[in-house]
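Here is the structure we will look at.
Remember, it's 1-based here, ligands and their atoms both numbered in the order they're listed.
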Amino acid sequence: MASQKGIILLVEDEENLHEALKLNLELEGYEVVSAFTGAEALKAINNEYFDLVILDVMLPEIDGFAVTETVRVQNNDVPILILSAKNTGGDKITGLRKGADDYLTKPFNLEELLLRVEKMIDKNRRIQVKSTVGDTYAFGNCFIDFKAQEIKTVDGNPLQISKKENMLLKLLIENEGEVVTREKILQVVWGYNVYPTTRTIDNFILNFRKYFEKDSRSPRHFHSVRGVGYKFTK
Ligand code: CA
């Protein structure tokens, strides 16, 4: 079920702790996606939008610091809360320097974790300021002319798009960095009385990826948020 409270990527390889955290976060109303290794975490972060990443430091293969560094190098600003067993000042500084937003040392108080999670998600939502979009919009080497319903694709080709494609593009771009729910999309693009299937919206997003993504299988601009909706990032 879609969660308005937020979607969290939980990266923790200790299964008991993972399950306990997942359960408690879900009880608070969050949607939780699980990863058990650094590689899994990076894959998930590249493919989906998250409101927050809870990231253990000691992970198989790629540790939490390396994951954080990679995410930031990719210009992804997703809030990261580091969990670590190491209780040294140096370790904390390493985590924050690599780009983590907050840090908790194991063993931690569950209440404190939940409070920090809530605060981080709230803060992130507040700074995602909504902007209005003009008649044209450029990102990467792509270009959209909303008035003419014309785009320049990632390959530099001009292309005429449909009215609904135009409307959906504008809706996503106006909410850059925020998840637009399926309900909102249906309401704005299709109107109240028409009920296209989820697959219909998916097909639009697949087309956008063909038009605008260098690699449509690992999208950088048009993201699906499991069970919730879609998100555009510049
Ligand atoms: Ca661990």
Aromatic ring pairing [X]/[Y], orientation class (parallel under 30°, perpendicular over 60°, tilted between):
X      : Y      : answer
Phe204 : Phe208 : perpendicular
Phe36  : His18  : parallel
Phe139 : Phe222 : perpendicular

Between Arg72 and Asp101, does any NZ, NE, NH1 or NH2 come within less than 4.0 Å of an OD or OE carboxylate oxygen?
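Arg72 and Asp101: salt-bridged.
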Taking the basic N atoms (NZ, or NE/NH1/NH2) and the acidic carboxylate oxygens, is any pair closer than 4.0 Å for Asp145 and Lys147?
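Looking at Asp145 and Lys147, the cut-off is not met.
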Return a table of donor-acceptor pairs under 3.5 angstrom between the side chains of residues 151-160 and protein atoms on other chains or two or more places apart.
residue : atom : partner : partner atom : Å
Lys152  : NZ   : Asn141  : O            : 3.3
Thr153  : OG1  : Asp155  : N            : 3.3
Thr153  : OG1  : Asn157  : N            : 3.1
Thr153  : OG1  : Asn157  : O            : 3.4
Gln160  : NE2  : Ala148  : O            : 2.8
Gln160  : NE2  : Gln149  : O            : 3.2

Just to be sure I understand the site: which N, O or S atoms from the protein are less than 3.0 Å away from the Ca ion (ligand 1)?
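You should have found Asp13 OD1, Asp56 OD2, Met58 O.
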